[in-house]
Amino acid sequence: MKNDEVMNIAKKRGFLWSSFEIYSGVAGFFDYGPLGATLKNNIMNKWRKYYVVSEGFYEIESPTIMPEEALKASGHVDHFTDPMTECKDCLEVFRADHVINDATGKDVEGLENEELSRILSEEKLSCPRCGGHLTHVWSYNLMFQTVIGSKGKKTGYMRPETAQGIFIPFKRLLRFNRGKLPFGVVQMGKAYRNEISPRQGVIRLREFTQAEVEIFVDPRNKNHPNFREVSDDILNLYSSESQIKETDPSKLTAQQAVKEKIISSEILTYQLCLAQRFLRDLGIPDKVIRFRQHLSSEMAHYAIDCWDVEIKTDSFGWIEIIGIADRTDFDLKSHSKHSKEDLRVFIEYSEPKKVTKMVAKPQMKKFGPLFKADAPKIMEALKNLDASDIKESLEKKGNYPIEIDGTIHNLTPDLIEFQEVEETLRGEKIYPHVIEPSYGIDRIIYSVLLHCFGKEEDRTILKLPADIAPVEVNVFPLVNKEELTHIAQEIKKQLRKQGFIAEYDASGTIGRRYARSDEIGVPYAVTIDHNSLEDNTVTIRNRDDSKQVRIPIKEVYNILGDLIDLKIKFQDL
RNA sequence: GCGGCUGUAGUCUAGUCUGGUUAGGACUUGGGCCUUCCAAGCCUACGACCCGGGUUCAAAUCCCGGCAGCCGCACCA
């Protein structure tokens with residue numbers, strides 16, 4: 001269905017509406033209504049079944065407010081910005097780097113604002129629109145800033161992604177996973193970006209929900225042990241090559257994609273397949289799904305391969321709803337550097353390696369009295385120096401100068417004895433690489449609504465898969481007569497007792513109630529009619545084709561349970 | 001952030017130009033009647049001038065500002 005129709009029904013039926021409506025609303029913020037919030041929970045729980053249950057990745061939850069240092073390390077404070085310049089005459093705002101690039105062809109990405117300002121004036125660049133004067137360049141940071149603590153000494157930001165909350169406690173997570181790669185950690189939660197002018201409804205929110213997975217792997221092994229399970233999945237791949245050559249996306253099996261090196265690794269391909277399976281399970285048809293590879297020019301500098309899962313929409317074109325990237329070791333390295341914590345993983349060799357190396361052993365009898373307090377420091381320094389260099393210098397020049405706290409000490413051959421030692425290396429420390437599937441939950445919900453809504457004649461049916469439908473079953477007396485309503489009420493009560501989300505409705509005609517029920521995607525309706533009085537049976541109506549089957553009341557609960565858990569199909573009843 | 005257009009019940013809309021009675025209708029929704037299977041009918045009720053300021057005896061109507069939506073530009077690590 002079309003965007004407008006879907007959003008109208010979503011608003012009317014309590015899925016989604018813009019926030020703060022009675023105060024005119026604020027762009028970029030949406031409420032989930034009663035059905036929307038339930039649908040969102042169902043989808044998020046289904047996501048957990050994929051990643052937490054099946055893949056075995058544990059979920060964590062970290063704060064949405066983060067201190068400046070953490071986001072400085074991640075690069076967001078300095079680089080999650082756009083360099084802007086404004087025309088003094090027509091007040092138009094431009095990306096400064098784009099103005100320079102367009103006018104001169106120079107690639108100025110990543111340059112400082114001062115540098116950009118200098119280039120603007122040196123090149124005598126003026127407003128591309130009216131030719132007016134451009135102001136100095138300023139950074140527009142997309143993060144919401146706040147203050148931590150009452151004295152306001154500490155700057156904080158609302159997190160722009162949930163991923164950082166996984167990288168920062170990496171040491172603890174590694175320990176939880178008993179020090180072994182690979183392992184994955186997930187986080188679902190809100191993230192915030194102060195978009196300049198969000199105008200695509202729920203597609204571009206200033207506060208949105210992400211579901212992110214960070215899979216930490218040994219960079220030398222990006223295969224996946226269960227790849228065979230997905231190797232025949234067919235992926236609609238829009239590679240960077242076909243984008244450049246302007247050819248159509250091609251459908252390949254996962255196996256072909258790896259073999260032909262279209263996707264950089266098995267593990268990344270596996271994640272693409274998983275994403276596709278998840279979307280299928282939400283009722284999104286394959287024909288509106290494609291995987292678009294980032295062009296090397298648009299890829300973040302820390303990624304080596306990145307694929308967006310895109311969904312076709314009528315009013316926004318192909319939109320990104322999931323990004324699956326190989327982020328390499330960028331984040332862990334950067335947090336290591338800024339925090340001075342060693343975020344590497346010790347990888348044990350399958351066979352310990354024996355290496356022989358030269359060691360410089362100080363002769364302590366002479367060494368101690370000669371250097372006194374500096375002796376321990378010199379010994380420490382010796383450990384980090386290449387012993388063969390020292391040996392060479394001693395043999396050739398007769399001495400080896402070493403600087404400790406500004407004082408130069410001369411080592412002479414009589415102070416050092418050299419030994420060849422055999423060392424056993426059991427492994428090495430490395431930064432793991434990170435494979436990151438990052439889901440935009442709000443966009444996924446929009447896609448589900450967009451592609452599950454269908455029109456049949458003059459009625460609208462929301463064909464949600466039964467296991468994510470917010471209301472699972474409706475109970476209707478055929479007509480509003482006491483002998484039927486009391487049975488219906490009783491069945492509803494029993495359904496609720498057994499954990500179903502069930503509603504009862506006796507208003508108006510039965511057709512009207514079915515229509516309302518279809519519009520909010522209730523998969524099944526139990527109808528109590530006059531036969532029910534005689535033989536204790538009711539009908540179960542299937543939303544998608546309005547067909548009904550008659551079954552004994554006492555079997556209703558088990559059958560509905562199996563239907564909703566997708567264990568049986570309605571057609572097989 | 002810039003320009004254009006727009007803003008009346010949950011929805012669609014009349015009225016706005018040319019200021020003046022109780023802001024009218026349809027659908028939806030609630031209650032009732034009727035009704036033995038897909039938005040039928042009848043009765044009845046609830047429900048609105050985006051917000052703020054100005055002009056005026058009087059503002060849904062005219063003017064200014066804000067907010068939001070749509071379209072175009074720009075932006076979207």
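In what follows, chains are A, B, ... by sequence order, proteins preceding strands, each numbered from 1.
With hydrogens and angles ignored, a donor-acceptor pair closer than 3.5 Å exists between the side chain of A:R199 and the base of B:rG1. Residue side chain A:R13 does not reach the base of B:rG10 through any donor-acceptor N/O pair under 3.5 Å, judged by distance alone. Under 3.5 Å, the side chain of A:Q548 and the base of B:rC37 form at least one donor-acceptor pair of N or O atoms. If you check distances only, the side chain of A:R459 does reach the base of B:rC38 with a donor-acceptor pair under 3.5 Å. Judged by distance alone with a 3.5 Å cut-off, a donor-acceptor contact links the side chain of A:Y514 to the base of B:rC37.
Within the 4.0 angstrom heavy-atom criterion, no nucleotide atom of any strand lies near A:R513. Using a 4.0 Å heavy-atom cutoff across all strands shown, A:E519 reaches at least one base atom of the nucleic acid.
Separating the CG atom in A:N542 from the CG atom in A:D544 is a distance of 5.5 Å, to the nearest 0.5 Å.
Nucleotide B:rC42 forms a pair with B:rG32, judged by Watson-Crick or G-U wobble geometry with both contacts under 3.5 Å. Nucleotide B:rC37: unpaired (no Watson-Crick or G-U wobble partner with both distances less than 3.5 Å). Applying the Watson-Crick and G-U wobble criteria (two distances, each under 3.5 Å), B:rG52 pairs with B:rC64. Base pairing annotation: B:rG19 forms no Watson-Crick or G-U wobble pair, as no partner gives both donor-acceptor distances under 3.5 Å. With a 3.5 Å ceiling on both atom-pair distances, the Watson-Crick or G-U wobble partner of B:rG3 is B:rC71.
Distance A:N8 CG to B:rC70 P: 12 Å, rounded to the nearest Å. The distance from atom NZ of A:K2 to atom P of B:rC70 is 17 Å, rounded to the nearest whole Å. Rounded to an integer number of Å, the gap from CD1 of A:I22 to C1' of B:rG52 is 16 Å. Taking atom CD of residue A:E5 and atom P of nucleotide B:rC12, one finds them 13 Å apart after rounding to whole Å.
Of the side-chain N and O atoms in A:R516, none sit less than 4.0 angstrom from OP1 or OP2 of B:rA39. OP1 or OP2 of B:rA40 has at least one side-chain nitrogen or oxygen of A:T509 nearer than 4.0 Å.
Taking the six-membered ring where the residue is Trp, A:F144 and A:Y192 present perpendicular rings, their angle passing 60° and hence far from 30°.
Heavy-atom contacts from other residues, nucleotides or ligands closer than 6.0 Å to CD of A:Q571 number more than 12.
A:D518 pairs in a side chain to side chain donor-acceptor pair (under 3.5 Å) with only one of the listed residues (A:R543, A:R513, A:R541), which is A:R541.
Looking only at side-chain heavy atoms (C-beta outward), A:V479 and A:T509 stay at 4.5 Å or farther from each other.
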